[in-house]
Amino acid sequence: VQLQASGGGLVQAGGSLRLSCAASGRTFSSGAWFRQTPGKEREFVAAIRWLGGSTVYADSVKGRFTIAKDNAKKSVYLQMNSLKPEDTAVYYCAAEFEPKRIITSRLHSASAYDYWGQGTQVTVSS
C-alpha cells in the first residue's frame with residue numbers, strides 16, 4: 001500500500017494550508033497526521049476513524065486544524081487554519097487498513113500505524 005501526501009508549502013502566520021493523503025487500493029480503518037521537527041520525536045496532530053468518522057486532535061491544534069476523509073477518493077485531509085510559526089514541521093500521514101483497527105486510546109500513537117506516507121514540509125513565516 002502506498003500513501004501519497006501532498007499540499008505542504010510556505011505560508012505566512014495566520015494563513016491556511018490543506019494537506020492531502022491518498023491511499024492506493026485498500027480501505028482505511030484509521031487515518032492520521034503527525035509532524036516532526038529536527039531533533040524532536042514525531043508528534044501526533046490529528047486522527048480520524050473511517051467507520052463513524054470520529055476524530056481526535058492534539059491540544060495544540062484544536063480549533064485550528066480539521067481532519068477529514070473522503071471515502072470515494074480513499075483520502076484523508078488536514079485543513080490547517082490560523083497557522084503559527086510553531087506549526088512549522090514536516091507533516092506525515094499515517095494509516096491503518098481494514099481489517100486491522102486501532103483502539104481509540106492508541107490513535108495518537110505513531111507505533112500503532114503500519115503505513116506512512118512521505119513527509120511534506122510546512123513552513124509558517126512570522
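Note that the coordinates shown come from a computational prediction; the quantities given were computed from them, not determined experimentally. Here, residue 1 is the first one in the sequence, and each next residue gets the next number.
Under the 4.5 Å side-chain heavy-atom criterion for grouping Ile, Leu, Val, Met, Phe, Trp and Tyr, F34 is not connected to L17 through any hydrophobic cluster. Under the 4.5 Å side-chain heavy-atom criterion for grouping Ile, Leu, Val, Met, Phe, Trp and Tyr, L3 is connected to W50 within one hydrophobic cluster. Linking ILVMFWY residues whenever their side-chain heavy atoms come closer than 4.5 Å, directly or via other members, places W33 and F65 in the same cluster. Side-chain heavy atoms closer than 4.5 Å link hydrophobic residues (I, L, V, M, F, W, Y) into clusters, and following such links, even through other members, never connects F28 to I102.
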**Study point:** CA sep, side-chain torsions, deciding dist, call: D59, K62, salt bridge (Lys or Arg N to Asp or Glu O under 4.0 Å)
**Key:** CA-CA 5 Å; D59 288 344; K62 279 181 182 176; 3.1 Å; yes
Exercise for review: Kindly determine whether Q4 and S20 satisfy side-chain contact (heavy atoms from CB on, under 4.5 Å), including the steps that lead there.
Suggested key: CA-CA 8 Å; Q4 185 68 37; S20 300; over 6 Å; no
**Study point:** Evaluation steps, side-chain contact (heavy atoms from CB on, under 4.5 Å), between E96 and D114
**Key:** CA-CA 6 Å; E96 198 49 72; D114 291 332; 3.1 Å; yes
**Study point:** side-chain hydrogen bond (donor to acceptor under 3.5 Å, both in side chains) assessment of R49 paired with T55
**Key:** CA-CA 7 Å; R49 287 194 177 282; T55 56; over 6 Å; no
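Within a 6.0 Å radius of NZ in K100, other residues, nucleotides and ligands contribute more than 12 heavy atoms.
Distance check: I48 CD1 to S29 OG gives 12.0 Å after rounding to the nearest 0.5 Å. Rounding to the nearest 0.5 angstrom, the gap separating the CD atom in E98 from the OG atom in S30 is 8.5 Å. With rounding to the nearest 0.5 angstrom, the CD atom of E43 is 12.0 Å from the NE2 atom of H108.
Taking the side chain as every heavy atom from C-beta outward, Q79 and L19 never approach each other to under 4.5 Å. Side-chain contact between S24 and K74 is absent, with no heavy atoms from C-beta onward closer than 4.5 Å. Counting heavy atoms from C-beta outward, T88 and T37 have side chains that stay 4.5 Å or more apart. Counting only heavy atoms from C-beta outward, the side chains of V124 and E86 never approach each other to under 4.5 Å. In this structure the side chain of L51 reaches within 4.5 angstrom of the side chain of R101, judged on heavy atoms. Residues R18 and L78 have side chains not in contact (no heavy-atom distance under 4.5 Å, counting atoms from C-beta outward).
Identified under the side-chain hydrogen bond (donor to acceptor under 3.5 Å, both in side chains) test for residues 116-126, with sequence neighbours left out: Q121-T123.
N81 and S16 share a side-chain donor-acceptor pair at under 3.5 Å.
Side-chain N or O atoms of S82 include none that pairs as donor or acceptor with a backbone N or O of R64 at under 3.5 Å. Checking side-chain atoms of Y115 against main-chain N and O of A23 turns up no donor-acceptor pair under 3.5 Å.
Minimum interatomic distance between A47 and Y113 (heavy atoms only, all atoms of both residues): CB-OH, 3.7 Å. The two residues S75 and Y77 make their nearest non-hydrogen contact at CB-OH, 3.5 Å. Nearest approach of A89 to Y91, heavy atoms of both residues: O-CD1, 3.4 Å.
Judged by the 6.0 Å and 45° rule, R35 forms no cation-pi pair with Y92.
In this structure, F44 has its ring center at least 6.0 angstrom away from the ring center of Y57.
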